[in-house]
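Okay, so here's the structure we're looking at.
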Amino acid sequence: HVQLVESGGGSVQAGGSLRLSCRASGNTYNKNLMGWFRQLPGQVREEVAVAAIYTDSGRTNYAAFVKGRFTISRDNAKSTVYLQMDNLKPADSAMYYCAADPRAGGSCPTNAITEYNYWGQGTQVTVS
């Protein structure tokens, strides 16, 4: 069983930056698929991850609309995955959720919501 705790959300002006953190516990962290999903105001959670990473290989995958602006990374010593968000836009305002599934890395981390079985409580990002 995996427990995920997010932090780092907040309010920022357009063009600003935030870094989200997701600390995992409860299993062998070093072999996890981990991703960040978001839920826009008044909508259901998006089915495609903003970004995904394999914690063992470090391979990453990004949604097209965040490429060049967001960076996912991991610190295995801290069992933590980060989402660095730069050049934020008001359209990025959402609740951001960390998700995970225990598995060894492959060629490209999937960004499909159906592949993730463990979820954090979410952290709010507001861009004005």
Side-chain angles (χ1 to χ4, degrees):
H1 190 71
V2 180
Q3 293 86 42
L4 303 172
V5 178
E6 303 103 327
S7 61
S11 297
V12 66
Q13 291 188 337
S17 298
L18 284 173
R19 189 178 78 157
L20 307 183
S21 300
C22 174
R23 187 175 187 282
S25 62
N27 81 327
T28 306
Y29 162 83
N30 286 352
K31 291 184 178 180
N32 273 338
L33 167 69
M34 296 188 71
W36 288 95
F37 290 80
R38 66 185 190 182
Q39 184 168 357
L40 302 176
Q43 299 186 27
V44 299
R45 199 170 304 179
E46 295 181 340
E47 296 184 349
V48 175
V50 169
I53 190 168
Y54 282 126
T55 57
D56 52 353
S57 67
R59 289 178 175 167
T60 60
N61 186 17
Y62 295 93
F65 56 86
V66 301
K67 278 186 178 178
R69 299 193 299 125
F70 292 10
T71 304
I72 190 170
S73 62
R74 91 288 195 209
D75 183 338
N76 289 348
K78 296 181 179 180
S79 299
T80 300
V81 168
Y82 303 97
L83 184 67
Q84 176 68 41
M85 303 186 294
D86 298 319
N87 191 21
L88 282 160
K89 305 175 182 180
D92 295 318
S93 295
M95 184 72 80
Y96 283 74
Y97 294 91
C98 178
D101 189 72
R103 67 177 72 179
S107 58
C108 180
T110 179
N111 57 10
I113 194 171
T114 54
E115 296 293 322
Y116 294 79
N117 292 296
Y118 298 95
W119 293 85
Q121 80 287 353
T123 185
Q124 179 68 41
V125 171
T126 302
V127 185
S128 59

Apply side chain to side chain contact (heavy atoms under 4.5 Å, CB included) to the pair Y62 and N111, showing each step before the final yes or no. CA-CA 8 Å; Y62 295 93; N111 57 10; over 6 Å; no
What closest approach, in Å, do A52 and T110 show between heavy atoms, and which atom pair accounts for it? CB-O, 3.6 Å
Please check this pair: side chain of D101 against backbone of L33, looking for a donor-acceptor N/O pair closer than 3.5 Å. no
Backbone N or O of N87 within a donor-acceptor pair of the R69 side chain at under 3.5 Å? yes
Rounded to the nearest 0.5 angstrom, the CD-CD1 distance for Q84 and I72 is 12.0 Å
N76 side chain to T55 backbone, donor-acceptor under 3.5 Å: yes
Ignoring hydrogens, what is the shortest heavy-atom contact between S7 and T123? Give both atom names and the distance. C-OG1, 4.3 Å
Does one hydrophobic cluster hold both V50 and Y118, with members joined at side-chain heavy-atom distances below 4.5 Å? yes
Report the distance from atom CG of D75 to atom NZ of K78, rounding to the nearest 0.5 Å. 5.5 Å
Does the side chain of Y54 reach to within under 4.5 Å of the side chain of R74, using non-hydrogen atoms? no
Hey, what do you get for NZ (K67) to CG (N61), rounding to the nearest 0.5 Å? 7.0 Å
Summary of salt bridge (Lys or Arg N to Asp or Glu O under 4.0 Å) pairs that have at least one residue in residues 32-50, sequence neighbours excluded: R38-E46, R38-D92
Transitive ILVMFWY side-chain link W36 to V12, under 4.5 Å: yes
So do S21 and R23 actually touch side chain to side chain, heavy atoms under 4.5 Å? no
Please find the pair of heavy atoms, one from A63 and one from A49, that lie closest to each other, and give the distance. CB-O, 3.6 Å
Contact between L88 and F70 at the side-chain level, heavy atoms closer than 4.5 Å - yes or no? yes
What distance do H1 atom NE2 and S25 atom OG have between them, rounded to the nearest 0.5 Å? 9.0 Å
Y82 and Y97: same hydrophobic cluster, using ILVMFWY side-chain contacts below 4.5 Å? no
Which pair of non-hydrogen atoms, one from A14 and one from P90, has the smallest distance, and what is that distance? CB-CD, 4.1 Å
Mark yes when over 12 heavy atoms from residues, nucleotides or ligands other than Q121 sit less than 6.0 Å from its CD; otherwise mark no. yes
I'd like to know if the side chain of S93 reaches the main chain of V127, judged simply by a donor and an acceptor atom lying under 3.5 Å from each other, with no hydrogens or angles considered. yes
Taking all heavy atoms of L4 and all of A24, pick out the closest pair and write down the distance. CD2-CB, 3.7 Å
Within a strict 4.5 Å, meaning less than it, do heavy atoms of the Y116 and F37 side chains meet? yes
Do I53 and V5 share a hydrophobic cluster (ILVMFWY, side-chain heavy atoms under 4.5 Å, transitive)? no
Donor-acceptor pair, distance only, cut-off 3.5 Å: does the side chain of E6 make one with the backbone of C98? yes
Are V125 and F65 connected into the same hydrophobic cluster when the rule is that any two of I, L, V, M, F, W, Y join if their side-chain heavy atoms are below 4.5 Å apart? yes
Heavy atoms of A100 and M34 approach each other most closely as CB-CG, 3.9 Å
Spatial distance of atom CE (M95) from atom OG1 (T126) [nearest 0.5 Å]: 9.0 Å
